[in-house]
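Here is the naming used below: chain letters follow the sequence lines, and residue numbers restart at 1 for every chain. Worth knowing before you read on, the calculation uses all heavy atoms, side chains too, and leaves out hydrogens, waters and symmetry mates. What you are looking at is a predicted structure, and each value in this text was computed from that prediction instead of being measured.
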Number of protein chains: 2
Amino acid sequence: MFFIYICKKKSNIMRYKTDQATEERIKDAAGTLFTLKGYSSTTMRDIAAQAEVNLALVNYYFRSKENIFKIIMREKIQTFFNSIFPYLFDEQTSLQEKFTSVVEKYINTISQDPNLPLFVFGEIQKNPEEISSLFPMLASHNDILRESSFFKQLHKINPHLNPFHFILNFLGITIFPFIASPLLVNFGMESSENMKTIMEERKKLIPQWMNQMLLIE
Amino acid sequence: MFFIYICKKKSNIMRYKTDQATEERIKDAAGTLFTLKGYSSTTMRDIAAQAEVNLALVNYYFRSKENIFKIIMREKIQTFFNSIFPYLFDEQTSLQEKFTSVVEKYINTISQDPNLPLFVFGEIQKNPEEISSLFPMLASHNDILRESSFFKQLHKINPHLNPFHFILNFLGITIFPFIASPLLVNFGMESSENMKTIMEERKKLIPQWMNQMLLIE
DNA sequence: GTCTATAGAGAGATAGAC
DNA sequence: GTCTATCTCTCTATAGAC
């Protein structure tokens, strides 16, 4: 009895420290691998190895591969949209301020996790209904973008063109460089170090380009 | 003997018609599934079912999954680059002409296979060295883009900015809409029918936007 | 060429010891 | 909580009949 008591106590103390660290390590490993290789190419054994834990532990903490993926996916999409959405709906800021703050925030976020855009768009392509189930709010209320302050401001400045064009342009020139960078490195574009400085330059340039584009009728 | 002769003859006649059709059907099925779901999420059984043939036949014609994937991948990348590259290196055309002809050609090509960009960039992210092995020409000669007529013309018109910025912008506003469309449909952007008209509008708009952007120093 | 049947490898998941 | 061992399923690939 005494022995068991001691062990239990020790195990409880350990748990508080170790468990959190282990769970977090597994989640980090899964996040890295999923964003890099996608759902199907990532195995539970990969995740265990990357997290330096036993395979059984991954199931112990997260029950199933599908479950751990959903958790990761939800967080990643959250990160992805949170760096844009709050700004787009802010009625207090000007179009200019939106351009600069979204670009700044977005490039900072993605720089820390450059595979994020390709992961998000890729998984949405593979499983379009998934995003609706993750964010039912969007499915039910799907004019959300059209009713944003951003959309209205774009329309006011240039009523001749569908504001979606400008949104596509804005996201395109901001996000696409991250999507294309592995390819462009092959074409002698930039080493991954230079990619960083390129993106820093673009923080200032993108708002200017957007202003120029708005002039067209 | 006579029986065998007849059968052989019949089988040869059949082969000419049937085999080509079967092989083509398998390749089409594989192409569709790979571009939609990626390498790992696509099974040989999927391909067989989609092509309406027996599983063993897929291996009969293409030997292995990896092999059929390489064949598809090579063709898709070929299509992808052929809609851009010849124009970029043409010394005879002006920058304006390049903008319009690349946009026209590219949007037409991708419209027939909207998943192509995400597939190409996704697989390159998963396996960056693969493209070098598929196109050794690029690996050995990787200043290819920098030496293009397009690059030089951009530099001449705006010497203050790295031409890669404009190339990123150009590809971004052209390609990104296809990458983002499954997502934007969720945000009430456009039904897939309207996506077609949106892209038609962009054929004319993109060259104009590019001109505007070039003005910035 | 096309099919059925199956070998063989690798995946996700869990039981049970510690 | 963590590990070893194993079950079960599905996948790729092929052998062999027609």
Side-chain angles (χ1 to χ4, degrees), chain A residues 1-30 33-34 36-73 126, chain B residues 1 3-30 33-34 37-73 126:
Chain A
M1 278 302 274
F2 184 65
F3 175 74
I4 290 172
Y5 176 74
I6 291 290
C7 284
K8 267 204 165 170
K9 190 142 192 194
K10 187 182 172 198
S11 133
N12 273 333
I13 294 167
M14 294 278 294
R15 190 185 321 179
Y16 194 75
K17 271 183 68 182
T18 319
D19 293 2
Q20 294 229 343
T22 306
E23 187 167 346
E24 205 55 36
R25 238 179 27 252
I26 295 173
K27 211 160 81 175
D28 287 350
L33 292 172
F34 279 140
L36 182 63
K37 310 199 295 172
Y39 180 76
S40 314
S41 304
T42 302
T43 70
M44 295 292 265
R45 285 170 172 83
D46 287 342
I47 296 172
Q50 171 84 15
E52 293 178 309
V53 299
N54 188 277
L55 166 62
L57 267 194
V58 183
N59 282 293
Y60 172 78
Y61 280 106
F62 294 96
R63 216 176 61 248
S64 73
K65 183 182 178 184
E66 208 182 319
N67 190 47
I68 191 172
F69 181 74
K70 272 192 182 167
I71 292 170
I72 301 289
M73 186 77 182
K126 286 180 199 166
Chain B
M1 279 301 275
F3 176 73
I4 290 174
Y5 176 74
I6 291 290
C7 283
K8 265 204 165 171
K9 192 144 190 191
K10 187 183 174 199
S11 133
N12 273 332
I13 293 165
M14 294 278 294
R15 190 183 322 178
Y16 193 74
K17 272 183 68 180
T18 319
D19 293 2
Q20 294 229 343
T22 306
E23 186 168 348
E24 205 55 36
R25 241 184 20 256
I26 295 172
K27 210 160 82 174
D28 287 350
L33 293 171
F34 279 140
K37 310 199 298 173
Y39 180 78
S40 316
S41 303
T42 302
T43 70
M44 295 292 264
R45 284 172 172 80
D46 288 341
I47 296 172
Q50 171 85 13
E52 293 178 309
V53 299
N54 188 276
L55 165 62
L57 268 195
V58 184
N59 283 294
Y60 173 77
Y61 279 106
F62 294 96
R63 217 178 58 250
S64 73
K65 183 182 178 183
E66 208 183 319
N67 190 47
I68 191 171
F69 180 74
K70 273 193 182 168
I71 292 170
I72 301 289
M73 186 75 182
K126 287 182 198 164

For this session: Calculate the interatomic distance between B:Y60 atom OH and D:dG16 atom C1'; express it in whole Å.
Result: 14 Å
Exercise. Got a donor-acceptor pair under 3.5 Å from the side chain of A:R45 to the base of C:dG12?
Worked result: yes
Exercise. What's the NZ-P distance between B:K65 and C:dA11, to the nearest Å?
Worked result: 12 Å
Exercise. Roughly how many Å is it from CG in A:L57 to P in D:dC3, rounded to a whole number?
Worked result: 5 Å
For this session: Identify the heavy atoms of A:D46 and A:S41 that sit nearest to each other, and give their distance.
Result: OD2-O, 3.7 Å
Exercise. From the list C:dA13, C:dT2, D:dA13, which nucleotide is the closest neighbour of the side chain of B:S64?
Worked result: D:dA13
Problem set entry | Side chain to side chain, B:K27 and B:F62, heavy atoms closer than 4.5 Å | yes
Problem set entry | Earlier contact from the 5' end, DNA chain C, for A:T42 and B:V53 | B:V53
For this session: Would you tell me if any nitrogen or oxygen in the side chain of A:Y61 comes within less than 4.0 Å of OP1 or OP2 on D:dT2?
Result: yes
Exercise. Using a cut-off of less than 4.0 Å, is there contact between a side-chain N or O of B:T43 and OP1 or OP2 of D:dT10?
Worked result: no
For this session: May I ask you to check if A:K65 and A:Y39 form a cation-pi contact, with NZ or CZ under 6.0 angstrom from the six-membered ring centre and within 45° of the axis?
Result: yes
Exercise. Rounded to the nearest Å, what distance is computed from the CD atom of residue B:E52 to the C1' atom of nucleotide C:dC3?
Worked result: 16 Å
Problem set entry | Comparing A:L55 and B:S40 on DNA chain D - which has the more 5′ nearest nucleotide | A:L55
Exercise. Taking only side-chain nitrogens and oxygens of A:N59, does any of them come within less than 4.0 Å of OP1 or OP2 of C:dA13?
Worked result: yes
Exercise. Just how far, in rounded Å, is C1' of D:dC11 from OH of B:Y39?
Worked result: 11 Å
Problem set entry | Contact check, side chains of B:Y61 and B:I68, non-hydrogen atoms, under 4.5 Å | no
Exercise. In whole angstroms, how far is the P atom of C:dA15 from the CZ atom of A:R63?
Worked result: 14 Å
Problem set entry | Distance, rounded to the nearest Å, where A:N67 contributes CG and C:dG12 contributes P | 14 Å
Problem set entry | Minimum-distance pair of heavy atoms, taken over all atoms of B:L57 and B:T22 | CD1-CG2, 4.2 Å
Exercise. Rounded to whole angstrom units, what separation is found between the CG atom of B:N54 and the P atom of C:dT2?
Worked result: 10 Å
